[in-house]
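Provided herewith is a single structure, encoded as structure tokens, for subsequent inquiry.
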Amino acid sequence: MENTHVENTSVETGKESKPKPPCPHEKLVYDSEHGEYVCLETGEVVEEKIIDERPEWRAFTPEERGRRARTGGPLTTTVHDMGFATAIDYSNKDAAGRKLMGKRQELIKLRKWQARTRILTSMDRNLAQAMNELERLGDLLNLPSHVKEEAARIYREAVEKGLVRGRSIESVIAAAVYVACRELKVPRSLDEVSRHTRIGRKDIARCYRLLLRELDIKVGTTDPVDYVPRIVHALGLPGTVVKRAVELLNVAREHGVTGGKDPAGLAAAAVYVAALEVGEKRTQKEVAHVAGVTEVTVRNRYKELAKIFGLDANAV
DNA sequence: AAGACGAAAGTGGTTGA
DNA sequence: TCAACAACTTTCGTCTT
């Protein structure tokens, strides 16, 4: 990674060097597998520790309870009532610990209403269940929290428009997750999403299209570039490979060979070539495996890339 | 022996009548 | 709704390292 800096600056010094920041981080790509942002200019990992905004739900023992650093629920849309919930407990004390003076009857009545209104409408009930499912699915897919938030927002909107009626919560949630991934450029394939649900890819795809249409959401076609960091990382390759692979993909796009092709396959081939170039060879099979395509597809894309760049075995 | 390459047949999804 | 179609996969054989 460091060499890249050196390379860059030494090239740039041609035009009278003012000390630029080593990496402006203008083009960042999210490596969702590891919760990192990777800079396309330098391949540098920008931020590794994404803050975990999830609540600290669990405290099984009194000691654990004491150790919980944060208080209060997170104010997020992934909690069905936005995190606003008041509980009237059974100690008959108010928040300051003073005894509540009202008649017992009154308190009992209050509690009853509280229980009744906490999950007020069927919509709230639906959302509560959906958020549960979203949390589960999000964990299995290693989704960063902002994606889950977006999925939650989409789902909420879907419910409000009555799109869930007649469909299973699970399938709409899965579709919402998929939409959020596409929107936020966190590459997850339809297959990956469906693998963790009981819903087939077909149903999810149908719901996905429905959401796009009904909620008027636009998602760009998947950019192969988005897959690159994930593949590179999975292969344990240096960040320079990311940079090079992205360059290759951009040139390839200009030559118009990327249309209609599986983006994962394209990314895989680019990574394969880039790895070869930096002398960190990986087999086609390895690359294909982590990219979720077959060896043959990698090969075909590779052939097309090779034609453009006129590279035979050499060419560094 | 393992990887790279290519041909041929099969599969799931999209498109256009 | 059906057929044509393109892209991808599976399978298998051959060549190279």
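Every chain is numbered from 1, with letters handed out A, B, ... down the list of sequences. Being a predicted model, the structure only gives us computed values, none of them experimental.
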A:Leu266 CG to C:dA7 P, in whole Å, measures 11 Å
Mind checking what makes side-chain contact (heavy atoms from CB on, under 4.5 Å) contact with A:Lys161, not counting sequence neighbours? A:Leu163, A:Leu215
Got a sec: does the NE2 of A:His196 have more than 12 other heavy atoms crowding it under 6.0 Å? yes
Ignoring hydrogens and geometry, is there a side-chain-to-backbone donor-acceptor pair from A:Glu135 to A:Asn132 under 3.5 Å? no
Dot-bracket, 5' to 3', for DNA chain C please: Watson-Crick or G-U pairs under 3.5 Å, [ ] where pairs cross earlier ones, | where the partner sits on another strand, dots elsewhere. |||||.|||||||||||
Who passes side chain to side chain donor-acceptor pair (under 3.5 Å) against A:Thr294, sequence neighbours left out? A:Thr297
Which pairs, with at least one residue in residues 284-299 of chain A and sequence neighbours excluded, count as a salt bridge (charged side-chain N to carboxylate O under 4.0 Å, His left out)?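 Counting only pairs at least two positions apart or across chains, the salt bridge (charged side-chain N to carboxylate O under 4.0 Å, His left out) contacts touching residues 284-299 of chain A are A:Glu295-A:Arg299.
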Could you list all the side chain to side chain donor-acceptor pair (under 3.5 Å) pairs where at least one residue sits in residues 167-181 of chain A, not counting sequence neighbours?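 Sorted result for residues 167-181 of chain A: A:Ser168-A:Ser171, A:Glu170-A:Arg198, A:Tyr178-A:Arg182.
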Heavy-atom protein contacts under 4.0 Å, nucleotides 4-13 of chain B, coded B base, S sugar-phosphate only, - none: SBB-------
Non-hydrogen side-chain atoms of A:Tyr155 and A:Ile169 separated by less than 4.5 Å: yes
Where do A:Ile231 and A:Ala264 come nearest, in terms of heavy atoms and distance?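 The answer is CD1-O, 4.4 Å.
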